[in-house]
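These notes concern the structure reproduced below.
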Amino acid sequence: MRMSKLFFQTLREAPADADVRSHQLMLRAGLIRQVAAGIFEYLPLGLRAKKKIEAVLRNEMNAIGGQEIVMPVVQPADLWKRTGRWYEIGDDLARLTDRGGRELVLGMTHEEVITELAAGVISSYRQLPVMLYQVQTKFRDEPRPRGGLIRVREFTMKDGYSFHASYASLDDYYPLVYQAYFNIFGRAGLEVIAVESDTGMMGGTMAHEFMALTEVGEDTLLLCDECGYKANRQVATFTKPEGGADAGEEPLPMEEVATPGVDTIAALADFLEIPQSQTAKALFLMATVEQDGEEKQQFVFVVLRGDMELNETKLSNALKARQLRPAQPEEIRAIGAEPGYGSPVGIRRENMILVVDDLVPRSPNLVAGANRDGWHIKNVNCGRDYEPDLVLDVVAAADGHPCPVCSAPLRSVRGVEVGNIFKLGTKYSEAMEAVFLDEDGKSAPLVMGCYGIGVGRLMASVIETSNDEDGIVWPITIAPQHVYLVSLATRRTPEVIEAAERVYADLMEAGIEVLYDDRDERAGVKFNDADLLGIPIRLTIGARGVKNGIAELKLRRDDDMHELPLDDLVDRIAEIVEAEEARVLDSIKTDPLQ
RNA sequence: CGGGGAGUAGCGCAGCUCGGUAGCGCGCUUCGUUCGGGACGAAGAGGUCGGAGGUUCAAAUCCUCUCUCCCCGACCA
């Protein structure tokens, strides 16, 4: 490809509304353009990188028996009604109506469609297991797209779905996908870790997320450097201490204490000069739950120890709540509690659930609110002064908490979820009546797994983790082009143009991907654009070199200059491309599946 | 949805307080000189100042409404 004809433009300055590094670089390098919030165009170079990633995806999916199909973006609402997700999912699901008044959705994922498809094709255990996948556009009307391609509304996803005759078969297959995912990310030059994750709206029994560790990530992960435990904060557990500072202490009589204007835990601990672990934190939430097929609002009172944070995912899962929101002050007062001074002691227990974190009953003599503005109660004891409805682990693991496996301190890091794998089970096959006949001639629902990778997000993550102050540093495996050929010709040096043209033609002839900078620009402009674009191999043809029969070679990833003889260039470049590819492949790291 | 910020040429910005011919840098076009890490000179093209109302002799500037984008939070298969 000739730069002089390439449809793009590099930018010296990053657009003001990009503040994530990968976003800035992709815009500056002319890989993408933004059309609307979370909606992007791919320009030629960006698309080439995207297609390289897709080629890796296809290759690895095919290697574990995947068969590629394509399903529609626009799907009938009826399918989504059958699984209930039409009702469960809120505004993230874009809905539209066709000319005949029929309701449609833009596919945000394809479980419904593929399960229906599988139901139509699969009738016997002899057809199982089978893995189907597609590389297709998804639309999710995210409330807040951000970070360029990190979080978007319209995106390309590789989504795969496996169908099995039994859970045992799914259990056998799942590790193959797990390994294929490491191969994919490794081949794309992205280091990831796999963490256990919440199964969320997908449902299912087991799930892993593949996370690229970077500060721009939206997920918090907890890692143990000692034993290797790692989990998304949403599901992470930790070894809870035996009790508070006063563990083992005898319960003391309750005592009211005036605390004017002290309506936060931090202020309370300061005011009474006690650690936050000696306080009780009261949280009031409204949960949307299903009861007898009806949606219902359920008031939830949660008591945590003051030094802990609520993990809403844990609570939500335990209550099987569809939604959780903070309760309004009038809702809180309706049960006889006072916002800012909430306490489980002396409240009206009708129409509410009192959930207590399991650390609270082990922590005697806590200071709780008095349900009265400006007052707290000392020496509140769970079990003596109030009876919880549920005692659960509902607190969030945080940096420094003891590992649940080995008790070493956990470390919290940020990560971008670039892929996920789920054991779905029969949730969708039952809803869609996707059944097969087993060996005994009995009808049974298909057992499913599903596996996703966001292509653009993967690309952004690679750039996010592989760049320097001058620009992108592409791994050669997914770089838009392998070679950036710089011609430093001027009008007085036609022999340089001639040599560069010949090298370009030879490289093309040999099937080597080359971006030829034939623009009438000064050397500095070309070198700076070369650095910005991040093509792995830079080849420079200048007057000096041509006189001596050499070209100059520099790899984007290091600072060393090399000289290559012009008459042996093509073979040498081919070797280097191969060596650089091998280098990426050699660095693939896999986490054992736990 | 809550909080904050911003919309003026392709990109980065000034002008707005105090109403009076729409500017600067980069990029783009043409010509000339230059040519190994973002050259120089000359001459140009390019903007309904996000949109709609209003106030005024006169609105980028003041008022009202509205749209869009970004950041933090809520949310997130």
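Scope of the values below: all heavy atoms of this structure, side chains included, with no hydrogens, waters or symmetry mates. Convention: sequence-line order gives letters A, B, ...; per-chain numbering from 1.
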From the options [options], select the nucleotide whose nearest atom is closest to the side chain of [X].
| X | options | value |
| --- | --- | --- |
| A:Val525 | B:G37, B:G38, B:C75 | B:G38 |
| A:Glu13 | B:C75, B:G38, B:G12 | B:G12 |
| A:Asp19 | B:G27, B:C76, B:C71 | B:C71 |
| A:Ala16 | B:C13, B:G73, B:G27 | B:C13 |
| A:Arg544 | B:C71, B:C35, B:G36 | B:G36 |
| A:Leu11 | B:G38, B:G37, B:C11 | B:C11 |
| A:Asn528 | B:C75, B:C76, B:G38 | B:G38 |
| A:Ala37 | B:A74, B:C11, B:C69 | B:C69 |
| A:Arg33 | B:U33, B:G10, B:G38 | B:G10 |
| A:Asp17 | B:C35, B:C69, B:C11 | B:C69 |

Look at the side-chain N and O atoms of A:Arg12 and state whether any lies under 4.0 Å from the OP1 or OP2 oxygen of B:G12.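 No, outside the criterion.
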Please tell me if A:Arg522 has a side-chain N or O lying less than 4.0 Å from either OP1 or OP2 of B:U34. no
Test: A:Lys138 cationic atom under 6.0 Å from A:Phe155 six-membered ring centre, within 45° of axis: no
Measure from NZ or CZ of A:Arg95 to the centre of the six-membered ring of A:Trp80 and say whether it is under 6.0 Å with the direction within 45° of the ring axis. no
Distance, rounded to the nearest Å, where [X] contributes [atom1] and [N] contributes [atom2]:
| X | N | atom1 | atom2 | answer |
| --- | --- | --- | --- | --- |
| A:Asp470 | B:G37 | CG | P | 14 Å |
| A:Glu218 | B:C76 | CD | P | 12 Å |
| A:Leu532 | B:C11 | CG | C1' | 13 Å |
| A:Arg146 | B:G3 | CZ | P | 21 Å |

So A:Phe301 and A:Phe284, would you call those rings parallel, tilted or perpendicular, with 30° and 60° as cut-offs?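 Ring orientation of A:Phe301 relative to A:Phe284: tilted.
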Below 3.5 Å, does any donor atom in the side chain of A:Glu552 face an acceptor in the base of B:G36, or the other way round?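 Per atom types, the contact qualifies.
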Using a distance-only criterion (donor-acceptor N/O pair, under 3.5 Å, no hydrogens), is the base of B:G38 paired with the side chain of A:Arg519?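 Absent.
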Verify the distance criterion only: is there a donor paired with an acceptor across the side chains of A:Gln297 and A:Thr288 at less than 3.5 Å?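 There is such a pair (donor and acceptor under 3.5 Å, judged by atom type) between the side chains of A:Gln297 and A:Thr288.
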Between B:C28 and B:C69, how far is it from one C1' atom to the other, in whole Å? 26 Å
When the P atoms of B:U68 and B:G25 are considered, how many whole Å apart are they?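 Looking at atom P only, B:U68 and B:G25 are 35 Å apart.
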Under 6.0 Å between the ring centres of A:Phe182 and A:Phe210?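 When the ring centroids of A:Phe182 and A:Phe210 are compared, they turn out to be within the sub-6.0 Å range.
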